[in-house]
Amino acid sequence: MIKESFSIRGVEFKNRVLVASGTFGYGDEVKDLVDVSKLGGICTKSLSWKPRDGNPPRRIVETPSGMLNSIGLANIGVHNFIDEKLPYLRQVDTKVIVNIAASSLQEYCDVLRLLEEQEGIDGYEINVSCPNVKEGGLNFGTDCSMTRRISEQLRALTEKPLIIKLTPNVTHISEFARAVEEAGADAVSVINTVIGMAVDIHKKKPKLSTVTGGLSGPAIKPIALAKVYEVAQAVKIPILGIGGIMTAEDAIEFLLVGATAVQVGTANFINPGTGVDVAEGLRRFAEQHQLADVAQLVGAMESNVEFSILQSWL
Amino acid sequence: MIKESFSIRGVEFKNRVLVASGTFGYGDEVKDLVDVSKLGGICTKSLSWKPRDGNPPRRIVETPSGMLNSIGLANIGVHNFIDEKLPYLRQVDTKVIVNIAASSLQEYCDVLRLLEEQEGIDGYEINVSCPNVKEGGLNFGTDCSMTRRISEQLRALTEKPLIIKLTPNVTHISEFARAVEEAGADAVSVINTVIGMAVDIHKKKPKLSTVTGGLSGPAIKPIALAKVYEVAQAVKIPILGIGGIMTAEDAIEFLLVGATAVQVGTANFINPGTGVDVAEGLRRFAEQHQLADVAQLVGAMESNVEFSILQSWL
Amino acid sequence: MIFQRLVTVVGREEVAEGIFALSLESAEVANSARPGQFINVRFSETALPLLRRPFSISRVDGSSIELLFNVIGQGTRLLASKRIGDRVDVLGPLGIPFGHQGGFDTAVIVAGGLGIAPFPFLTGLLKREKKRIATFVGAKTARQLVTRRLDDVQVATDDGSEGFRGTVVELLERNLSSNPVMRPKMFGCGPTPMLKALSAFAQEAGIECELSLEGDMACGVGLCQGCPVERANGRRKYALVCVEGPTFNCKEIVLR
Amino acid sequence: MIFQRLVTVVGREEVAEGIFALSLESAEVANSARPGQFINVRFSETALPLLRRPFSISRVDGSSIELLFNVIGQGTRLLASKRIGDRVDVLGPLGIPFGHQGGFDTAVIVAGGLGIAPFPFLTGLLKREKKRIATFVGAKTARQLVTRRLDDVQVATDDGSEGFRGTVVELLERNLSSNPVMRPKMFGCGPTPMLKALSAFAQEAGIECELSLEGDMACGVGLCQGCPVERANGRRKYALVCVEGPTFNCKEIVLR
Ligand SMILES: Cc1cc2nc3c(=O)[nH]c(=O)nc-3n(C[C@H](O)[C@H](O)[C@H](O)COP(=O)(O)OP(=O)(O)OC[C@H]3O[C@@H](n4cnc5c(N)ncnc54)[C@H](O)[C@@H]3O)c2cc1C
Ligand SMILES: Cc1cc2nc3c(=O)[nH]c(=O)nc-3n(C[C@H](O)[C@H](O)[C@H](O)COP(=O)(O)OP(=O)(O)OC[C@H]3O[C@@H](n4cnc5c(N)ncnc54)[C@H](O)[C@@H]3O)c2cc1C
Ligand SMILES: Cc1cc2nc3c(=O)[nH]c(=O)nc-3n(C[C@H](O)[C@H](O)[C@H](O)COP(=O)(O)O)c2cc1C
Ligand SMILES: Cc1cc2nc3c(=O)[nH]c(=O)nc-3n(C[C@H](O)[C@H](O)[C@H](O)COP(=O)(O)O)c2cc1C
Ligand code: FES
Ligand code: FES
């Protein structure tokens with residue numbers, strides 16, 4: 001028997017493959033198609049205090065080996081989530097990580113406090129790629145001290161696993177990871193989407209209603225791997241690797257550079273069962289390589305190169 | 001007759017399509033295949049004071065719709081360039097922009113000073129994605145004040161067009177563009193490659209000898225467009241848009257978001273004549289849309305969205 | 001029940017300039033499909049194109065379903081290159097079917113361009129239910145006109161190369177004003193400007209009207225929130241085309 | 001002269017398990033090609049695969065050239081799916097050919113796996129120049145063994161399923177020690193470990209030896225600096241395989 005599970009703050013995930021926030025709804029949309037009990041966990045769509053309509057169309061653009069989205073965090077709000085979705089999620093046989101988004105520090109705290117009163121939530125993932133309304137819409141996630149404060153305040157409110165989801169759109173993501181670790185977070189998710197855009201040359205307009213959006217999918221896998229590698233050199237807390245994972249081989253790349261587990265995002269839109277397939281593929285790879293524990297892959301990449309070479313002489 | 005040309009600091013480029021540094025050698029490698037006189041200009045491979053061997057193999061990895069490179073700025077050095085390559089470049093009927101890379105402020109200045117004594121150079125493009133040896137290899141291009149200093153000092157040394165090539169691997173590229181503009185540079189090139197990596201899961205090693213490398217090609221086009229757009233909101237100096245351009249349609253996207261001209265990079269490896277084809281395609285598009293001047297496309301994207309939405313609610 | 005299956009191409013025909021009919025063998029999808037539903041198709045194992053592409057189920061024939069599509073971009077170009085025996089990955093049937101039952105005697109079908117796609121399937125069902133049918137089809141030009149497997153068709157082309165010269169909604173208005181029909185219900189599918197015109201006409205004339213929308217989709221199953229259409233009223237601003245549509249009562253939505 | 005041409009596939013054959021021979025019609029490339037040179041091929045109009053893939057010119061037959069390749073990844077899988085009449089975009093001929101003239105009587109050809117690719121072309125030329133030829137071919141197993149259009153072949157397989165059980169260089173050493181040849185020159189192509197062994201043997205035995213290298217390339221024409229191989233001496237540390245190779249005197253380079 002190969003050990004596939006891992007734990008964050010005492011919560012045991014049955015395997016190292018979760019589905020990423022915003023790419024698997026609230027877990028009930030595809031229950032006919034996917035046996036979610038074969039997933040390590042589900043990260044819900046980001047939830048805010050009030051329901052959010054999201055951005056006007058067009059919200060989705062395909063790009064070479066990737067896609068741009070500008071959903072605008074359309075979500076049903078935490079109250080509807082508790083009433084309509086949590087009862088289903090309570091009875092699924094996988095871990096449920098509720099992802100939280102907000103436009104103020106207060107809102108992050110309010111949402112988490114309300115969720116703390118509920119049964120059936122295994123942990124929180126905090127989406128900091130959100131506009132800080134008080135600061136004129138500046139993104140929380142690109143401000144290291146704000147990211148630290150969010151982590152500290154939420155840490156004080158919960159004993160459950162607290163995972164901070166980092167944005168790649170910063171110069172040194174490792175600084176953010178370190179701040180979050182110092183603030184007491186249990187893990188980091190790396191990465192959220194990369195800022196990008198596309199233009200309709202005939203209409204002379206941006207393709208997305210909001211001009212720019214978030215790039216995801218295989219196109220960003222090399223970027224995500226480099227960010228996970230950078231973070232892995234900087235912190236000791238577990239890393240959930242995310243970005244362009246379509247296959248078990250992709251997931252193994254993330255484990256090798258230092259991710260404890262992975263999340264599958266965009267691939268769910270193509271095949272909602274990707275997460276299950278990746279978990280299965282990971283197990284088979286471990287089997288073939290006679291590993292007792294998938295953990296043996298984590299950080300197992302050999303490299304005798306100084307980290308300082310990272311950004312040099314491109 | 002459609003006007004295709006544009007000028008930077010009085011130097012007139014015959015059209016808006018150049019070939020990007022490091023993707024067209026020193027201009028003489030493919031003279032049998034490409035009529036370089038149909039290009040707006042050639043940016044040479046980055047030159048340093050001494051020849052550089054570059055990084056050990058493996059230097060190239062293909063990724064989904066992109067490629068990673070870790071050339072390590074292999075180049076023949078500025079002296080050999082002057083002796084062996086400049087005589088050829090002097091007689092080509094297109095503008096020659098010499099790209100400079102260095103590992104100290106002093107080296108940038110030395111290289112440029114030596115080039116100033118030569119005939120046949122139309123301008124300089126400064127690659128700041130280089131490790132600052134004095135600062136333990138920290139990248140010049142991710143340090144805004146260093147980028148400003150390089151620009152200021154080189155500005156003082158030349159009356160020729162001075163173009164600073166920005167790296168996308170920073171939180172706010174517009175800050176760098178503003179600094180460069182204030183320092184007196186004539187234009188910015190946006191973008192250099194995006195940091196990325198790939199792992200060989202069988203050997204459990206990075207595919208590139210230097211672990212990470214630079215991602216280029218169609219995969220990064222959405223990122224490059226967003227960076228050019230961000231810079232275009234921040235500065236008045238011309239922008240040379242770069243990143244994943246394969247076709248005239250791609251180039252038009254860059255012009256619409258605010259690039260004055262474009263550079264074709266990775267596409268040259270697939271078809272060395274891409275730049276010529278793109279220039280031709282631009283002319284045809286202008287013809288079909290009855291534009292008197294290709295300039296009418298520059299910044300012509302309509303958008304009634306606040307820039308502040310850029311990084312929000314991904 | 002939604003199926004995800006690797007299915008075989010069993011028929012392929014170029015029915016008009018750049019317009020193809022493709023038959024796919026899948027008893028499961030064929031048996032559970034209803035007119036107005038769609039499938040989301042993947043036809044490359046690589047990341048290009050990355051996402052599935054949605055297509056209406058144009059017809060069910062025994063255990064196979066037929067798609068009708070035109071070549072627009074890289075995805076449909078690849079789909080058009082499929083040969084009999086090739087396999088594609090199908091997710092479906094998806095979405096809410098047309099409401100084909102209840103209080104109407106005459107179905108007035110209005111299609112623009114490839115908007116005809118869902119109607120052969122609907123026509124078959126309506127005939128079995130003994131409804132009267134009047135069909136109006138618009139196209140840019142005669143060469144791109146497809147009317148196969150539709151009933152009682154009147155045609156409009158932009159260039160007048162066949163039938164009425166003008167838009168299909170103009171043709172419809174003229175016809176209905178000169179030949180009013182008994183207890184009509186309209187079913188529309190086509191480009192957004194056409195659907196807007198049809199919706200305005202239907203609401204003015206007080207005729208019930210269902211529209212089938214096409215828009216950008218990523219998942220097709222409600223996972224991505226990528227396919228909003230503005231709702232005319234209610235608490236929520238948007239509905240999702242993939243799970244709350246693609247068919248909507250024209251009064252429920254606002255087209256822009 | 002380097003040509004960039006859209007050429008037609010005029011022949012295709014699976015010559016061993018997963019190994020294909022593909023003939024491409026191009027009089028220009030065929031006429032100017034020399035043994036040891038390669039072409040850089042693009043076979044998709046999309047960005048997948050993005051880069052060209054290099055292949056040795058395995059043979060010239062009138063106005064066509066033949067490639068011999070095995071399916072490794074997405075690029076070669078796509079190439080293997082090409083049919084007669086399909087077109088691919090070819091850049092070539094590229095690189096420095098084998099030095100086939102001068103001071104040797106017997107050409108000793110040593111190939112591992114698909115390293116045989118350049119040798120049918122070389123063999124043809126050597127025969128015309130009346131050189132003697134001895135060929136040693138190694139493969140993992142008999143099923144992956146290709147010896148077509150080679151002369152006087154001796155075989156080694158890793159699993160002993162045909163010929164000598166062991167590596168091709170071991171086979172070569174045994175043979176040359178028992179049957180020394182007159183004024184030999186060796187020509188090697190294959191995986192790096194084999195080339196290393198061959199180079200060591202050649203230098204020890206004092207036999208002249210040219211190697212043809214395979215490595216990752218982007219452009220194939222000297223634009224990208226992506227294909228370095230370490231030089232044994234001289235001021236510069238690396239040579240570029242695409243323009244200074246792919247053939248090298250084994251003493252000039254260091255394999256790792
Ligand atoms: C529910 C539903 C049912 C559909 N049924 C059919 C059908 O039965 N037959 C059919 O031919 N098509 C149908 N479509 C549209 C079809 O999905 C698109 O034509 C297809 O996705 C184009 O893919 P592509 O890769 O060829 O083009 P892409 O490369 O994705 O796009 C090429 C260009 O066309 C634009 N474009 C893409 N899709 C559309 C669109 N729907 N309308 C306008 N412009 C667009 C893109 O923005 C881009 O500029 C349906 C769409 C939906 C949502
Ligand atoms: C000058 C030259 C001549 C060549 N001639 C031939 C030839 O005649 N016949 C032939 O079959 N091949 C030849 N090759 C090798 C051929 O180019 C590769 O097999 C091909 O590029 C693989 O492409 P792919 O897309 O199928 O694999 P990819 O998807 O690019 O690669 C699949 C996996 O194989 C690895 N890989 C890729 N190329 C090689 C390689 N060369 N060696 C070891 N691992 C590799 C990759 O790292 C990756 O892990 C030649 C190479 C060079 C440089
Ligand atoms: C359509 C879409 C919606 C997303 N919504 C959210 C979200 O609500 N909250 C969040 O933290 N991340 C969100 N993400 C980011 C993903 O969870 C993931 O970090 C990113 O897409 C990169 O992974 P991928 O390449 O596997 O998709 C979304 C991504 C996509 C494509
Ligand atoms: C192999 C390779 C080598 C490069 N070398 C240089 C260089 O020497 N100096 C430089 O400023 N940029 C260099 N670049 C960056 C390109 O000029 C360009 O900015 C980048 O590749 C993005 O454009 P693209 O996607 O069109 O390739 C190099 C890029 C590649 C792919
Ligand atoms: S297409 Fe994904 S929610 Fe509708
Ligand atoms: S492959 Fe580009 S320089 Fe050799």
Side-chain angles (χ1 to χ4, degrees), chain A residues 19-34 45-46 51-77 80 207-209 213 216-221 244 246-247 250 265-274, chain C residues 1-6 28 32 40-54 72-76 89-94 192 213-231 234-245 253-256:
Chain A
V19 285
S21 178
T23 68
F24 211 74
Y26 304 101
D28 57 346
E29 285 83 354
V30 287
K31 56 185 169 203
D32 292 353
L33 283 170
V34 183
K45 177 75 194 162
S46 282
R52 285 182 51 88
D53 290 324
N55 293 331
R58 180 175 177 184
R59 291 185 181 172
I60 298 279
V61 176
E62 183 162 329
T63 65
S65 298
M67 62 175 276
L68 288 163
N69 87 77
S70 170
I71 306 300
L73 286 185
N75 80 88
I76 59 175
N80 291 324
K207 285 191 175 170
L208 291 174
S209 63
S216 64
I220 68 164
K221 194 185 68 167
M246 305 282 283
T247 65
D250 296 332
T266 299
N268 291 312
F269 303 154
I270 299 146
N271 172 9
T274 304
Chain C
M1 183 73 193
I2 301 173
F3 301 95
Q4 183 180 350
R5 294 286 184 272
L6 214 57
E28 290 160 316
S32 61
N40 214 359
V41 190
R42 185 180 194 204
F43 25 80
S44 159
E45 279 167 47
T46 74
L48 268 187
L50 179 64
L51 300 171
R52 291 174 182 269
R53 297 286 188 265
I72 290 190
Q74 54 169 351
T76 45
D89 176 349
V90 158
L91 190 67
L94 303 172
T192 306
L213 306 188
E214 299 186 355
D216 296 284
M217 287 187 178
C219 69
V221 292
L223 291 175
C224 72
Q225 305 276 328
C227 58
V229 60
E230 204 172 317
R231 292 160 55 101
R235 259 187 327 129
R236 290 186 302 134
K237 183 158 179 200
Y238 297 110
L240 294 180
V241 173
C242 70
V243 285
E244 299 174 67
I253 53 169
V254 184
L255 295 170
R256 299 206 181 260

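Values reported hereafter were calculated over all heavy atoms of this structure, with side chains retained and with hydrogens, waters and symmetry mates removed. Just so it is clear: chains get the letters A, B, ... in the order the sequence lines come, proteins before strands, and each one is counted from 1.
In terms of heavy-atom pairs under 4.5 angstrom with chain C, the leader among A:Val30, A:Ile76, A:Leu33 is A:Leu33.
In this structure, the side chains of A:Glu29 and C:Cys219 stay at 4.5 Å or more apart for every pair of heavy atoms. Between A:Ile60 and C:Leu51 there is a side-chain heavy-atom pair separated by less than 4.5 Å.
Both the backbone and the side chain of A:Asn271 come within contact range of chain C, each with at least one heavy atom under 4.5 Å from a heavy atom of that chain. Both the backbone and the side chain of A:Pro56 come within contact range of chain C, with heavy atoms under 4.5 Å apart. The part of A:Thr23 that comes within reach of chain C is its backbone (N, CA, C, O), which places non-hydrogen atoms under 4.5 angstrom from that chain. Residue C:Glu230 does not touch chain A at all, counting heavy-atom pairs closer than 4.5 Å. For a residue to count as touching a neighbouring chain, one of its non-hydrogen atoms must lie under 4.5 Å from one of that chain's; by this rule C:Arg231 does not touch chain A.
In plain terms, the two heavy atoms of C:Tyr238 and A:Gly54 that are nearest each other are CE1-O, 3.6 Å. For the pair A:Pro57 and C:Pro228, the tightest heavy-atom approach, listed with the atom from each and the gap, is CG-O, 3.8 Å.
The salt bridge (Lys or Arg N to Asp or Glu O under 4.0 Å) test applied to C:Arg235 returns no partner, not counting sequence neighbours.
A donor-acceptor pair under 3.5 Å links the side-chain atoms of A:Glu62 to the main chain of C:Leu50, judged by distance alone. A:Arg59 places a side-chain N or O within 3.5 Å of a backbone atom of C:Gln225 that can act as its donor or acceptor partner.
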